[in-house]
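Here the structure is laid out as structure tokens; the discussion comes afterwards.
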Amino acid sequence: MTVPPPPAGRVLVDRTLPDTEATEALGRQLGGLLRAGDLLVLTGPLGAGKTTFTRGLGAALHVRGQVASPTFVLARTHPSEQGPPLVHVDAYRLGGADELDDLDLDYAGSVVVVEWGAGLLDGVAESWLDVVIERPTGAGDASAVDRDRDPDDVPDEPRRVTVTAHGPRWAGVEVTTG
Ligand SMILES: Nc1ncnc2c1ncn2[C@@H]1O[C@H](COP(=O)(O)OP(=O)(O)O)[C@@H](O)[C@H]1O
Ligand SMILES: [Mg+2]
């Protein structure tokens with residue numbers, strides 16, 4: 001017997017974001033909806049804007065500390081001044097779901113955001129948001145850009161962002177075009 005595919009989910013957002021600020025603003029908008037127990041999985045190539053988006057989430061959640069690429073740490077917890085902490089995970093260097101599990105993250109008590117987490121979180125949560133950020137075709141991958149250049153000095157160009165909701169947590173939740 002074959003296992004049925006997971007439910008396809010419901011598209012909450014499908015937008016073209018012209019610049020860095022727009023991507024961060026979408027993070028702030030979605031961040032306003034979040035509460036402890038929420039999980040977001042971010043997918044997109046290097047330089048797509050996953051961390052930029054997470055910075056917006058952090059602003060909406062009033063977290064302390066700069067949200068940055070957690071290059072040398074796998075997970076960074078940002079306490080909030082008034083709500084749940086934001087746990088920012090970069091799964092790029094993780095060997096797999098087992099290593100993610102070893103981090104022993106407090107999913108129930110935090111908002112957890114996992115960059116490069118696609119496929120690693122099966123069974124972890126009943127509900128989650130899949131955030132997919134695509135660079136325009138032909139723009140190339142930021143990793144292919146001159147290594148001597150400041151990685152944070154990428155010119156603004158549009159991104160296509162889709163947010164797909166899975167599970168009962170998101171039933172009836174709508175995101176208005178802002
Ligand atoms: N529309 C856009 N949305 C997000 N970032 C953009 C956009 N246009 C250019 N950028 C730049 O691309 C880079 C994205 O970096 P980052 O958010 O760290 O990506 P990732 O975490 O996906 O590797 C930043 O330097 C940002 O200023
Ligand atoms: Mg990143």
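Remember, it's 1-based here, ligands and their atoms both numbered in the order they're listed.
Under a 4.0 Å criterion applied to the non-hydrogen atoms of Ala48, ligand 1 contributes the atoms 4 (C), 19 (O), 20 (P), 22 (O). Near Pro155, meaning under 4.0 Å from one of its heavy atoms, ligand 1 places the atoms 8 (N), 9 (C). In summary, the atoms of ligand 1 found under 4.0 Å from a heavy atom of Glu115, numbered by their order in the structure, are 21 (O). In the vicinity of Leu17, heavy-atom distances shorter than 4.0 Å reach the ligand 1 atoms 1 (N). Heavy-atom contacts of Pro45 reach the following atoms of ligand 1: 22 (O) (cutoff under 4.0 Å). Atoms of ligand 1 lying under 4.0 Å from at least one heavy atom of Leu46, given by number and element, are 23 (O).
The Mg ion (ligand 2) has no N, O or S atom of Asp90 inside 2.8 Å of it. Inclusion of Thr51 in the first shell of the Mg ion (ligand 2) is supported: an N, O or S atom falls under 2.8 Å.
The side chain to side chain donor-acceptor pair (under 3.5 Å) test applied to Glu21 returns Arg28, not counting sequence neighbours.
The shortest side-chain heavy-atom distance between Val41 and Leu129 does not fall under the 4.5 Å cut-off. At a threshold of 4.5 Å between non-hydrogen side-chain atoms, the residues Leu86 and Thr77 do not count as touching. Between Arg15 and Val175 the shortest side-chain heavy-atom distance falls below 4.5 Å.
For the atom pair CG of Asp156 and CG of Leu17, the computed distance is 11.0 Å after rounding to the nearest 0.5 Å.
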Distance-only criterion, 3.5 Å: show the donor-acceptor pairs between side-chain atoms of residues 119-127 and protein atoms not counting sequence neighbours.
residue, atom, partner, partner atom, Å
Ser127, OG, Arg169, N, 3.0

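In summary, Arg160 and Asp14 engage in a salt bridge, as defined by a charged side-chain N under 4.0 Å from a carboxylate O.
Under 3.5 Å, the side chains of His78 and Gln66 contain no donor-acceptor pair of N or O atoms.
Both the backbone and the side chain of Asp156 come within contact range of ligand 1, each with a heavy atom under 4.0 Å. Of the heavy atoms in Glu24, none comes closer than 4.0 Å to ligand 1. Using a 4.0 Å cut-off between heavy atoms, Asp19 contacts ligand 1 through its backbone alone, with no side-chain atom that close.
For Ala22, the closest heavy-atom approach to ligand 1 does not fall below 4.0 Å. For the pair Gly44 and ligand 1, no heavy-atom separation below 4.0 Å is found.
Formation of a donor-acceptor pair under 3.5 Å by the Ser80 side chain with backbone atoms of Gln82 is found in this model.
In terms of polar-atom proximity, defined here as any N/O pair under 3.5 Å, Gly49 does make such a contact with ligand 1.
Sorting the N, O or S atoms of Glu115 by how far they are from the Mg ion (ligand 2) puts OE1 first.
Trp116 and Tyr92 have tilted rings, their planes meeting at an angle from 30° to 60° on a 0 to 90° scale.
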